[in-house]
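A short worksheet on the structure shown next.
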Amino acid sequence: MNYIIGEVENILVEYLKANGYSFNIGSEEFTTYVIEQLANDTDEQLAARDDYGLITAYLAEYLYRTSIVETEVEKDSVLSLNESEEEISAELDSINDITLGEMAKEIEEQEAADELTSESTIVAYKTGTVDVAAGRNYAKKYAHDYNPNYPGYSNDCTNFVSQILSAGGRRQVVNQSTAKLTSDNKYWYIKSLPKGGKGRSKSWSVVPDMYSHLTRTQKGYSSTSKQKIIDNAKAGDVIQFKKADADRYTHGMWVYSKSSSNLKLSGHTNDYVERSFNAITGYKTFRIVKM
């Protein structure tokens with residue numbers, strides 16, 4: 001926990017160079033590599049390293065920071081992709097001297113603050129707040145054929161969950177600001193801006209921030225037991241995933257349907273309409289928001 005983030009990044013960069021990877025930290029190719037590694041331990045040689053826990057913590061933080069700074073990018077524009085890479089690199093540079101222990105403490109304090117906010121603002125907890133049939137129809141239509149009315153992100157999971165919730169009738173909480181990004185998690189929205197492009201709240205497309213927003217009105221539940229998650233979940237809920245040794249939750253999906261022994265999940269990044277929860281093996285801890 002005394003390793004600083006910059007040290008772990010250097011360890012990873014040396015590993016990538018030694019094993020023939022040519023992409024840069026912050027590039028679209030690297031982000032894809034990170035997503036696949038967190039979800040599936042795709043690079044088995046990396047996953048077998050003794051220091052993989054350190055690297056996992058870095059990868060989770062990298063994905064979180066990328067989700068914050070990534071704006072609407074034209075995928076065929078080299079300039080836009082280069083600008084996005086530079087912004088991500090600058091964001092990572094800003095935390096290079098922070099230790100993993102300090103980062104873990106910061107995350108723990110934020111999650112504790114979210115719990116306090118949840119306890120103080122939930123007046124009458126309700127379920128059935130999302131029209132599941134409407135959500136399913138949206139998931140079936142746009143899981144594989146992305147809705148052109150929304151921007152797509154490198155890590156698109158939470159953006160898609162937000163779209164499903166909105167299609168299912170959850171009301172957006174819009175900030176009237178014309179900024180591209182709103183950090184206050186009391187808001188949850190995406191909208192067109194007067195000068196073009198989209199403005200959004202962090203909670204619309206960033207995994208931990210969605211949880212922070214939703215648990216202002218809905219109850220959350222977490223466990224390392226898949227069966228306990230299944231028992232407590234229902235169709236229409238949001239589910240999020242955290243890898244062993246990571247401090248951040250890094251992936252989110254929507255509960256399409258439920259049986260006594262499994263959930264079927266809809267999601268983006270890895271695109272599914274009905275993904276078996278039990279078939280997802282790359283994560284250790286799970287949490288749901290009971291919609």
Side-chain angles (χ1 to χ4, degrees), residues 1-18 24-26 30-31 33-70 87-119 154-155 157-158 181 183-185 202-203 205-213 215 220-225 240-252 281-287:
M1 298 300 280
N2 291 324
Y3 275 86
I4 64 171
I5 289 173
E7 288 176 325
V8 182
E9 182 177 287
N10 289 337
I11 291 170
L12 179 58
V13 167
E14 289 303 314
Y15 169 83
L16 295 172
K17 288 181 179 178
N24 297 321
I25 302 292
F30 179 71
T31 301
Y33 174 87
V34 171
I35 292 168
E36 292 177 350
Q37 193 65 27
L38 289 172
N40 303 307
D41 294 320
T42 306
D43 186 339
E44 295 179 358
Q45 184 175 340
L46 180 66
R49 288 174 60 106
D50 292 338
D51 57 1
Y52 188 49
L54 295 175
I55 293 170
T56 295
Y58 170 82
L59 296 180
E61 191 62 27
Y62 168 87
L63 199 59
Y64 170 70
R65 301 282 167 169
T66 299
S67 296
I68 292 173
V69 303
E70 187 180 42
E87 288 179 9
I88 292 168
S89 296
E91 175 68 20
L92 293 171
D93 287 345
S94 72
I95 59 170
N96 263 353
D97 294 330
I98 298 175
T99 69
L100 293 177
E102 289 169 337
M103 185 61 67
K105 183 178 180 181
E106 179 183 319
I107 295 167
E108 182 180 0
E109 289 173 350
Q110 182 57 56
E111 291 184 348
D114 290 342
E115 292 300 321
L116 288 175
T117 300
S118 172
E119 291 173 3
S154 297
N155 186 33
C157 61
T158 303
L181 184 69
S183 296
D184 189 338
N185 286 329
K202 282 172 63 179
S203 60
S205 57
V206 181
V207 175
D209 294 87
M210 167 173 270
Y211 187 84
S212 177
H213 173 80
T215 53
Y221 175 81
S222 63
S223 179
T224 57
S225 164
Q240 297 184 335
F241 305 79
K242 182 166 70 172
K243 197 169 185 67
D245 297 311
D247 298 305
R248 301 273 189 195
Y249 282 82
T250 56
H251 186 48
T281 59
Y283 301 95
K284 180 181 179 180
T285 307
F286 317 92
R287 66 185 180 190

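Only a predicted model underlies this, so the values are computations on that prediction, with no experimental measurement involved. The chain is numbered in sequence order, starting from 1.
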Are the side chains of Asp41 and Lys243 in touch, meaning some heavy atoms are under 4.5 Å apart?
yes
With Phe30, which residues qualify under ring pair (Phe, Tyr, Trp, His ring centres under 6.0 Å), at least two apart?
Phe23, Tyr62
Using a cut-off of 6.0 Å, state whether more than 12 heavy atoms not belonging to Asp97 lie near its atom CG.
no
Sequence neighbours excluded, the answer for side-chain hydrogen bond (donor to acceptor under 3.5 Å, both in side chains) partners of Arg287 is Gln240
Evaluate Gln37 against Tyr52 for side-chain contact (heavy atoms from CB on, under 4.5 Å), listing each step before the verdict.
CA-CA 11 Å; Gln37 193 65 27; Tyr52 188 49; 3.0 Å; yes
Nearest 0.5 Å, what's the CG-CD1 distance between Asn40 and Ile35?
11.0 Å
So which pairs with a foot in residues 45-62 pass salt bridge (Lys or Arg N to Asp or Glu O under 4.0 Å), sequence neighbours left out?
Arg49-Asp51, Glu61-Arg65, Glu61-Arg248
Gln45: partners by side-chain hydrogen bond (donor to acceptor under 3.5 Å, both in side chains), with sequence neighbours left out:
Asn19
Between CD of Glu9 and CG of Leu16, what distance do you get to the nearest 0.5 Å?
10.0 Å
Nearest 0.5 Å, please: how far is CD1 in Ile68 from NZ in Lys202?
4.0 Å
Would you compute the distance between atom OH of Tyr249 and atom CD1 of Ile107 and round it to the nearest 0.5 angstrom?
11.5 Å
Answer whether the closest heavy-atom distance between the side chains of Tyr3 and Ile11 falls below 4.5 Å.
yes
Do Thr66 and Asn155 pass the side-chain contact (heavy atoms from CB on, under 4.5 Å) test, and can you show the C-alpha distance, the side-chain angles, and the key distance before you say yes or no?
CA-CA 8 Å; Thr66 299; Asn155 186 33; over 6 Å; no
Any residue meeting ring pair (Phe, Tyr, Trp, His ring centres under 6.0 Å) with Tyr283, in chain and number order, not counting sequence neighbours:
Phe241
To the nearest 0.5 Å, what is the distance between OG1 on Thr42 and OH on Tyr33?
8.5 Å
Let me confirm one number: the CG-CG distance from Leu59 to Leu46, rounded to the nearest 0.5 Å.
7.0 Å
Please step through side-chain contact (heavy atoms from CB on, under 4.5 Å) for the pair Ser222 and Tyr211, ending with a clear verdict.
CA-CA 12 Å; Ser222 63; Tyr211 187 84; 5.7 Å; no
Val207/Ser67 under side-chain contact (heavy atoms from CB on, under 4.5 Å): CA gap, chis, key distance, verdict:
CA-CA 8 Å; Val207 175; Ser67 296; 6.0 Å; no
Those residues at least two apart in sequence (or on a different chain) that pass side-chain hydrogen bond (donor to acceptor under 3.5 Å, both in side chains) with Ser203 are Ser201
Ignoring hydrogens, what is the shortest heavy-atom contact between Thr31 and Ser154? Give both atom names and the distance.
CG2-CB, 3.7 Å
Looking at Tyr15, I'd like to know if its OH atom is crowded, meaning that more than 12 non-hydrogen atoms belonging to other residues, nucleotides or ligands lie closer than 6.0 Å.
yes
Between Leu100, Thr99, Ile98, which is the residue that forms a side chain to side chain contact (heavy atoms under 4.5 Å, CB included) with Ile4?
Thr99
Between Asn185 and Ser212, which heavy-atom pair has the shortest distance, and what is it?
ND2-OG, 3.5 Å
Shortest non-hydrogen pair, Val8 vs Leu54, comes out as CG1-O, 3.6 Å
